[in-house]
Amino acid sequence: MKYLKHYWKSTETGDYLTTVNTIHKSHPEAEFAGLDVQIWSHDADGIDVCMAQVPDSTPIVDVTIGSKKAIQELTETQYNTVKTPLDASSVLNDEAMTAEMDGDTSTATTKRNEATTKYNEAKTALLAL
(Lines give C-alpha, C1' and ligand atoms only; values in the text may rest on other atoms or scores of the structure.)
Protein backbone atom coordinates (compact mmCIF):
# COMPACT_ATOMS: atom_id res chain seq x y z
CA MET A 1 0.00 0.00 0.00
CA LYS A 2 1.18 3.53 -0.87
CA TYR A 3 -0.04 6.78 0.63
CA LEU A 4 -0.53 10.27 -0.72
CA LYS A 5 -1.82 13.69 0.15
CA HIS A 6 -3.69 15.43 -2.65
CA TYR A 7 -5.75 18.45 -3.50
CA TRP A 8 -8.92 18.19 -5.53
CA LYS A 9 -8.90 18.81 -9.28
CA SER A 10 -11.19 21.25 -11.07
CA THR A 11 -13.73 19.45 -13.25
CA GLU A 12 -13.78 22.57 -15.44
CA THR A 13 -10.06 23.17 -16.03
CA GLY A 14 -8.33 20.02 -14.78
CA ASP A 15 -6.08 22.15 -12.55
CA TYR A 16 -5.33 21.21 -8.97
CA LEU A 17 -7.32 23.40 -6.59
CA THR A 18 -4.58 24.58 -4.21
CA THR A 19 -5.84 28.15 -3.70
CA VAL A 20 -9.63 27.99 -3.95
CA ASN A 21 -12.50 25.71 -2.95
CA THR A 22 -15.24 25.07 -5.49
CA ILE A 23 -18.13 22.70 -6.03
CA HIS A 24 -16.70 21.81 -9.45
CA LYS A 25 -14.08 19.37 -8.21
CA SER A 26 -13.10 15.73 -8.25
CA HIS A 27 -10.45 13.48 -6.79
CA PRO A 28 -7.53 12.73 -9.14
CA GLU A 29 -8.78 9.17 -9.68
CA ALA A 30 -7.76 9.10 -13.34
CA GLU A 31 -4.14 9.71 -12.33
CA PHE A 32 -4.13 7.24 -9.45
CA ALA A 33 -5.61 3.81 -10.12
CA GLY A 34 -7.25 2.41 -7.01
CA LEU A 35 -7.40 5.76 -5.19
CA ASP A 36 -9.04 5.19 -1.80
CA VAL A 37 -9.55 8.52 -0.06
CA GLN A 38 -9.47 8.14 3.72
CA ILE A 39 -9.21 11.67 5.09
CA TRP A 40 -10.85 14.96 4.09
CA SER A 41 -9.53 18.11 5.73
CA HIS A 42 -8.26 21.64 5.07
CA ASP A 43 -4.80 23.10 4.77
CA ALA A 44 -3.61 26.20 6.66
CA ASP A 45 -5.41 28.42 4.11
CA GLY A 46 -8.72 26.56 4.50
CA ILE A 47 -8.36 24.81 1.13
CA ASP A 48 -9.73 21.27 0.83
CA VAL A 49 -7.04 18.58 0.97
CA CYS A 50 -7.27 14.81 1.21
CA MET A 51 -5.16 11.84 2.16
CA ALA A 52 -5.55 8.52 0.41
CA GLN A 53 -4.19 5.05 -0.11
CA VAL A 54 -3.35 3.49 -3.47
CA PRO A 55 -2.06 0.03 -4.44
CA ASP A 56 1.71 -0.44 -4.51
CA SER A 57 1.50 -0.74 -8.30
CA THR A 58 0.14 2.81 -8.70
CA PRO A 59 2.89 5.33 -9.50
CA ILE A 60 2.89 8.59 -7.56
CA VAL A 61 4.70 11.64 -8.88
CA ASP A 62 4.87 14.66 -6.57
CA VAL A 63 3.36 17.83 -8.06
CA THR A 64 4.11 21.27 -6.64
CA ILE A 65 2.03 24.30 -7.55
CA GLY A 66 3.34 27.55 -6.13
CA SER A 67 4.27 26.83 -2.54
CA LYS A 68 1.93 23.84 -2.15
CA LYS A 69 2.40 20.19 -2.89
CA ALA A 70 -0.72 19.38 -4.93
CA ILE A 71 0.31 15.71 -4.93
CA GLN A 72 2.68 14.35 -2.31
CA GLU A 73 3.68 10.76 -1.76
CA LEU A 74 3.75 9.97 1.94
CA THR A 75 5.46 7.30 3.97
CA GLU A 76 3.25 5.08 6.07
CA THR A 77 4.62 6.86 9.15
CA GLN A 78 3.67 10.30 7.77
CA TYR A 79 0.21 9.04 6.88
CA ASN A 80 -0.28 7.53 10.32
CA THR A 81 0.79 10.74 12.11
CA VAL A 82 -2.51 12.15 10.83
CA LYS A 83 -4.73 9.04 10.62
CA THR A 84 -4.02 7.60 14.07
CA PRO A 85 -4.94 10.69 16.16
CA LEU A 86 -7.88 11.44 13.84
CA ASP A 87 -9.27 7.93 14.40
CA ALA A 88 -8.71 8.31 18.16
CA SER A 89 -10.60 11.61 18.08
CA SER A 90 -13.55 9.90 16.42
CA VAL A 91 -13.61 7.12 19.02
CA LEU A 92 -13.41 9.65 21.87
CA ASN A 93 -16.28 11.67 20.40
CA ASP A 94 -18.38 8.48 20.20
CA GLU A 95 -17.53 7.72 23.82
CA ALA A 96 -18.49 11.28 24.80
CA MET A 97 -21.85 10.90 23.09
CA THR A 98 -22.49 7.58 24.84
CA ALA A 99 -21.57 9.07 28.21
CA GLU A 100 -23.84 12.04 27.60
CA MET A 101 -26.73 9.76 26.64
CA ASP A 102 -26.12 7.87 29.89
CA GLY A 103 -26.31 11.15 31.82
CA ASP A 104 -22.61 11.25 32.67
CA THR A 105 -21.81 14.83 31.66
CA SER A 106 -18.48 14.85 33.46
CA THR A 107 -17.13 11.92 31.44
CA ALA A 108 -18.69 13.37 28.27
CA THR A 109 -16.85 16.66 28.79
CA THR A 110 -13.56 14.88 29.50
CA LYS A 111 -13.92 12.70 26.40
CA ARG A 112 -14.79 15.69 24.21
CA ASN A 113 -11.73 17.57 25.46
CA GLU A 114 -9.53 14.54 24.76
CA ALA A 115 -11.11 14.26 21.28
CA THR A 116 -10.32 17.90 20.57
CA THR A 117 -6.71 17.37 21.63
CA LYS A 118 -6.38 14.37 19.31
CA TYR A 119 -8.03 16.28 16.43
CA ASN A 120 -5.61 19.17 16.92
CA GLU A 121 -2.70 16.71 16.94
CA ALA A 122 -3.90 15.31 13.59
CA LYS A 123 -4.34 18.79 12.14
CA THR A 124 -0.86 19.84 13.23
CA ALA A 125 0.61 16.70 11.65
CA LEU A 126 -1.28 17.34 8.40
CA LEU A 127 -0.06 20.92 8.23
CA ALA A 128 3.52 19.75 8.79
CA LEU A 129 3.47 17.57 5.65
Side-chain angles (χ1 to χ4, degrees):
M1 188 67 53
K2 289 182 176 179
Y3 306 91
L4 70 133
K5 179 184 87 173
H6 71 84
Y7 284 83
W8 294 78
K9 287 189 84 169
S10 168
T11 56
E12 298 173 319
T13 66
D15 295 335
Y16 286 101
L17 300 169
T18 60
T19 60
V20 64
N21 289 321
T22 177
I23 61 169
H24 305 285
K25 62 186 178 183
S26 67
H27 294 292
E29 294 171 317
E31 292 85 349
F32 300 102
L35 184 71
D36 182 13
V37 179
Q38 301 284 310
I39 298 169
W40 294 261
S41 192
H42 301 93
D43 68 13
D45 298 320
I47 306 300
D48 297 332
V49 64
C50 301
M51 292 176 65
Q53 300 175 354
V54 293
D56 287 333
S57 59
T58 301
I60 300 172
V61 176
D62 287 2
V63 174
T64 301
I65 298 175
S67 64
K68 295 186 180 180
K69 296 176 182 175
I71 299 293
Q72 179 184 3
E73 184 168 4
L74 303 173
T75 66
E76 184 174 7
T77 299
Q78 288 172 313
Y79 179 83
N80 284 330
T81 61
V82 178
K83 180 92 167 108
T84 300
L86 198 58
D87 288 348
S89 175
S90 179
V91 169
L92 288 162
N93 274 319
D94 289 347
E95 291 173 354
M97 186 180 299
T98 299
E100 190 168 70
M101 290 170 56
D102 291 343
D104 187 350
T105 57
S106 176
T107 298
T109 298
T110 299
K111 294 289 184 181
R112 278 202 183 84
N113 289 340
E114 291 172 1
T116 298
T117 298
K118 286 294 182 184
Y119 176 83
N120 290 337
E121 179 183 329
K123 188 70 171 185
T124 298
L126 174 66
L127 296 177
L129 296 175

Fill in: Residues that Glu29 engages under side chain to side chain donor-acceptor pair (under 3.5 Å), provided they are two or more places apart
none

Worksheet item: Measuring from Met51:CE to Leu74:CG, what's the distance to the nearest 0.5 Å?
Response: 5.0 Å

Discussion item. Taking salt bridge (charged side-chain N to carboxylate O under 4.0 Å, His left out) as the definition, give me every residue that meets it alongside Glu121, ordered by chain and number, with sequence neighbours left out.
Written reply: Lys118

Worksheet entry | Set of side-chain contact (heavy atoms from CB on, under 4.5 Å) partners for Thr75, sequence neighbours left out | Thr77, Gln78

Practice prompt. Using the test side chain to side chain donor-acceptor pair (under 3.5 Å), find all partners of Glu31 that sit at least two apart in sequence or belong to another chain.
Written response: Lys9

Fill in: ring-ring contact (aromatic ring centres under 6.0 Å, His included) contacts in which one or both residues fall within residues 90-113, not counting sequence neighbours
none

What pairs of donor and acceptor atoms, side-chain ones from residues 88-96 against any protein atom, are under 3.5 angstrom apart with sequence neighbours left out?
residue: Ser89; atom: OG; partner: Ala115; partner atom: O; Å: 3.0
residue: Asn93; atom: ND2; partner: Ser89; partner atom: O; Å: 3.3
residue: Glu95; atom: OE1; partner: Lys111; partner atom: NZ; Å: 3.0

Response to the item:
The complete set of side chain to side chain donor-acceptor pair (under 3.5 Å) pairs with one or both residues in residues 59-68, sequence neighbours excluded, reads Asp43-Lys68, Asp45-Lys68

Tabulate below the donor-acceptor pairs under 3.5 Å that side-chain atoms of residues 14-21 make, not counting sequence neighbours, or state none.
residue: Asp15; atom: OD2; partner: Thr13; partner atom: OG1; Å: 3.3
residue: Asn21; atom: OD1; partner: Asp48; partner atom: N; Å: 2.8
residue: Asn21; atom: ND2; partner: Gly46; partner atom: O; Å: 2.9

Item to complete: Output every pair passing salt bridge (charged side-chain N to carboxylate O under 4.0 Å, His left out) with a member in residues 98-109, not counting sequence neighbours, ordered by first then second residue.
Response: Glu100-Arg112

Worksheet item: What residues form a side chain to side chain donor-acceptor pair (under 3.5 Å) with Asp87, not counting sequence neighbours?
Response: Lys83

Fill in: N/O donor-acceptor pair under 3.5 Å between Thr58 side chain and Ala33 backbone
yes

Item to complete: Measure from the side-chain N and O atoms of Lys123 to the backbone N and O of His42, and report whether any donor-acceptor pair falls under 3.5 Å.
Response: yes

Worksheet entry | In one Ile/Leu/Val/Met/Phe/Trp/Tyr side-chain cluster, 4.5 Å: Trp8, Ile71 | yes

Worksheet item: Among the clusters formed by ILVMFWY side chains lying less than 4.5 Å apart, do Trp40 and Val54 turn up in the same one?
Response: yes

Worksheet item: CG/Leu129 to NZ/Lys69 distance, rounded to the nearest 0.5 angstrom?
Response: 8.5 Å

Discussion item. If the condition is side-chain contact (heavy atoms from CB on, under 4.5 Å), which residues does Asp36 pass it with, not counting sequence neighbours?
Written reply: Gln38, Gln53

Discussion item. I want to check something: taking the side chain as every heavy atom from C-beta on, are Ile47 and Val49 in contact at a cut-off of under 4.5 Å?
Written reply: no

Worksheet item: Rounded to the nearest 0.5 Å, how far does CG of Leu86 lie from OG1 of Thr81?
Response: 11.0 Å

Practice prompt. Grab the two heavy atoms, one from Pro59 and one from Lys2, that are nearest each other, plus how far apart they are.
Written response: CA-NZ, 4.0 Å

Fill in: Partner set under ring pair (Phe, Tyr, Trp, His ring centres under 6.0 Å) for Tyr3, not counting sequence neighbours
Tyr79

Worksheet item: Do Val37 and Tyr7 belong to the same hydrophobic cluster, where Ile, Leu, Val, Met, Phe, Trp and Tyr are linked whenever their side-chain heavy atoms lie under 4.5 Å apart, directly or via other members?
Response: no

